[in-house]
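Notes follow the structure.
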Amino acid sequence: MSIRLFIAGAILALCASPSFAQQEPPPPDPRDIPVEAFVSGGRLTSASMAPDGSRFAYTEMVDGKSIVIIVDAATRTEIRRVDVGEAEYFRWFRWAGPNRILLSRLVEIDNARYWARTSRLLVFDLRTQELDYIGFQKQRLEGDDVLWIDPDGQSILLSVIAKNANNPEVWRFPLDGRGEKAAVKIQDGDGDVDEWWADDAGVVRLGMGFTRRGAMMIHYRRHAGEKLQRITKLERFHDDREAWGVIRLFAGSDTGYTLFEQEDGRTELREFDYSTGELGEVVYAHETRDVESLRFDDTKLISASYIEDEPETHWFDPQLASYHAMLEAALPGGRISIGSMSRDRSRMLVRYTGAADPGALYVFTPGEGKLDLFANYRPEVDFRALSKPEPFSFTSRDGHTMHGYLTLPAGREARGLPLIVYPHGGPYGVRDAMVYDDWLQLLAARGYAVMQVNYRGSGGYGKEFEEMGYGQIGLAMQDDLDDALDHVVAQGAVDPRRVCLVGASYGGYAALWGAIRNPERYICAVSFAGVTDYTRQMEYDRYYLGKAFYRRYWEDRIEGEGGRNLDNVSPAFHASRIQRPLLVVHGKSDRRVPFSQYNALHRAVVRTDKPVEFLALEDGHNLAKQENEEKFLTTMLAFLEKHNPAFEGESAGSDDGGADTAADTGGNSAEPATPALPVEK
């Protein structure tokens with residue numbers, strides 16, 4: 001479908017839109033939307049426009065593999081598919097000029113001494129159709145730290161620890177297939193530097209590292225003609241360390257940007273002089289929320305983003321602000337995101353989505369006033385049958401203002417509804433917002449109200465709010481979920497006797513622990529990839545995250561000041577307290593929360609009569625195989641229907657089937673699907 005934008009002054013009239021088509025049939029009963037329609041499958045992710053605007057690429061997961069699909073931007077027809085292997089091991093792709101794509105993937109090292117994952121870099125050439133390795137055959141763990149990409153796609157700068165080196169060096173690698181023999185070292189390693197940065201002209205300008213005692217060392221130079229010199233050393237608890245968040249360096253300038261914490265704990269955008277370490281003017285600050293991310297083009301800052309209830313963008317670039325306003329007028333009722341664009345801005349990718357709309361991807365050609373629909377993200381999900389979350393606020397038992405979202409099922413009276421408490425993962429620095437969520441919408445489509453809570457420790461509300469959650473896993477963070485439940489129950493829409501928890505990762509832990517800790521509140525719980533033994537998880541994290549990151553960012557958050565006995569809040573140590581039915585699901589190849597966490601709870605209950613059902617899948621922390629996600633969701637719905645039916649005595653619509661979850665089962669084995677582009681709404 002093509003949407004023509006006729007611009008007369010500031011007025012943009014829409015001829016046709018998939019969201020407002022004429023003579024549409026009535027929306028379906030939400031219960032008739034099949035489970036597989038809500039299976040994400042990694043469809044149409046990471047869409048990126050080539051620098052010259054001639055092509056764009058995106059990724060899909062097909063039978064557990066990541067496929068990079070390259071498309072002609074003018075005709076929107078597929079040109080080429082690149083199989084980059086198992087989805088669990090694929091990290092990212094980036095354009096390197098108009099004809100090459102960089103691909104990062106992980107490789108496992110598993111021997112008698114240790115297990116680790118190492119990143120490796122590949123380049124695919126569209127002209128030769130060849131896939132080549134970039135880097136040294138023998139190098140340390142990180143192999144995809146790209147500092148700079150030549151605009152013409154001829155070479156890159158790669159920070160890497162080569163064989164016999166102890167610190168990262170910077171090498172220029174050609175992308176024409178000549179390999180490591182043609183690589184040229186442009187920056188020696190330095191014992192004080194763990195990470196390097198280059199400016200937009202490809203000049204290595206800054207290096208940062210940490211001593212064994214945690215002091216921060218900064219090396220800097222203004223331009224290529226100067227030598228790098230150590231300009232400062234900041235001890236572990238020095239106040240100025242917070243400013244050194246290197247974001248972007250520009251040729252010919254010492255001024256960049258940093259996200260800096262204000263006195264009230266909110267993060268603001270400030271100018272920053274990298275030659276002196278001094279803060280400059282405030283560039284942007286939101287009244288109540290953290291500035292969460294920044295966006296640049298080749299030469300300048302173009303926007304800052306924050307989350308109120310929905311993601312919002314503050315534009316510094318007037319041209320893009322104007323385009324954004326045009327697109328909002330053309331596609332009302334949802335949220336517009338201007339994504340990747342060509343270097344001259346002649347063509348760009350635009351995403352339209354909403355809290356109750358999975359959305360669509362468009363190709364926007366401003367010079368022609370043309371907006372072309374490429375694909376819908378969930379072609380089998382009729383957005384008109386979905387339910388929009390509504391924000392709410394409440395006061396916690398210790399007097400803090402908290403925020404959350406309540407989604408009520410479409411077509412049902414807002415009274416006496418069954419409720420799913422749906423805690424987010426993370427937990428620290430992560431938050432829920434009014435954005436589309438497949439699992440939430442599936443639960444609402446099956447008749448459940450769904451509650452999300454930004455409990456203490458969540459991001460977006462300032463550092464003080466996040467730090468309130470330190471050391472509070474299983475304690476005050478769990479209290480916040482209970483307090484939110486009390487608030488929602490008091491509003492009269494949900495039945496307090498019909499409340500279950502569903503969550504993944506940390507949310508899976510919170511679901512398990514909530515049902516064990518407070519069986520008087522929750523009648524069942526579903527956990528996907530949840531922690532069950534926090535002491536063992538912390539031991540694992542020391543190696544998985546790396547000792548430096550673990551000590552600096554993780555240990556204090558989990559254990560809190562002075563440490564704590566994590567066994568007191570670990571489900572595997574409290575199996576005797578289980579009263580309510582639990583469904584525990586885990587991927588056997590999960591490396592973030594290892595499968596041993598599943599086994600710990602399984603061992604604790606296997607010879608008891610506790611009402612716990614288990615499902616093991618041949619997958620990882622993020623379900624890469626579509627059949628596994630469908631199996632999990634179908635199993636979850638059958639479990640909820642058994643223990644907390646959405647329609648007591650009513651017809652529940654189409655039957656989605658069920659799964660036998662009484663014993664461990666593996667993932668389904670399915671024939672590779674032939675992917676097709678989604679159809680129009």
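- With a 4.5 Å cut-off on side-chain heavy atoms, Arg94 and Ile101 do not count as touching.
- For the residue pair Tyr220 / Asp254, a side-chain donor-acceptor distance below 3.5 Å is found, with atom types taken as modelled.
- Side chain of Thr365 to backbone of Gly369: no donor-acceptor contact under 3.5 angstrom is found.
- Side-chain contact annotation: Glu312 with His286, donor-acceptor N/O pair under 3.5 Å absent.
- Residues Thr45 and Thr59 have side chains that bring a donor and an acceptor to within less than 3.5 angstrom of each other.
- Legend: residues meeting ring-ring contact (aromatic ring centres under 6.0 Å, His included) with His621, ordered by chain and number and at least two apart, are absent.
- By the 4.0 Å N-to-carboxylate-O rule, Lys300 lies too far from Asp200 to be salt-bridged with it.
- Taking the six-membered ring where tryptophan is involved, the planes of Phe316 and His314 are perpendicular, since the angle between them exceeds 60° and thus also 30°.
- Both cation-pi conditions hold for Arg351 and Tyr377: the charged atom is under 6.0 angstrom from the six-membered ring centre and inside a 45 degree cone around its axis.
- Residues Ile70 and Leu126 have side chains in contact (heavy-atom distance under 4.5 Å, counting atoms from C-beta outward).
- Between Phe250 and Phe296, the angle of the ring planes lies from 30° to 60°, which puts this pair in the tilted group.
- Classification of the Tyr274-Phe272 ring pair by plane angle, with boundaries at 30° and 60°, yields perpendicular.
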Please evaluate residues Arg592 and Asn622 with respect to the criterion side-chain hydrogen bond (donor to acceptor under 3.5 Å, both in side chains), reporting the C-alpha separation (whole Å), side-chain torsions for both, the decisive distance (0.1 Å), and the verdict. CA-CA 9 Å; Arg592 181 62 193 92; Asn622 299 305; over 6 Å; no

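- Arg456 and Ser458 form no side-chain donor-acceptor contact under 3.5 Å, judged by distance and modelled atom types alone.
- Nearest approach of Phe93 to Ala57, heavy atoms of both residues: CZ-O, 3.5 Å.
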Does Glu328 form a side-chain contact (heavy atoms from CB on, under 4.5 Å) with Tyr352? I'd like the steps, not just the answer. CA-CA 9 Å; Glu328 284 188 321; Tyr352 172 87; over 6 Å; no

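- In this pair, Tyr461 and His403 present their aromatic rings parallel. The plane angle is below 30°, not in the 30 to 60° band.
- Between Ala433 and Tyr405, the shortest heavy-atom distance links the atoms CA-CE1, 3.9 Å.
- With 3.5 Å as the limit, one finds a donor-acceptor pair spanning the side chains of Tyr455 and His424.
- Heavy-atom minimum distance, Pro366 versus Ser346: CD-O, 3.3 Å.
- Contact check for Leu175 versus Gln154: no side-chain heavy atoms found under the 4.5 Å cut-off.
- Residues that satisfy the salt bridge (charged side-chain N to carboxylate O under 4.0 Å, His left out) test with Arg345, not counting sequence neighbours, are Asp297, Asp317.
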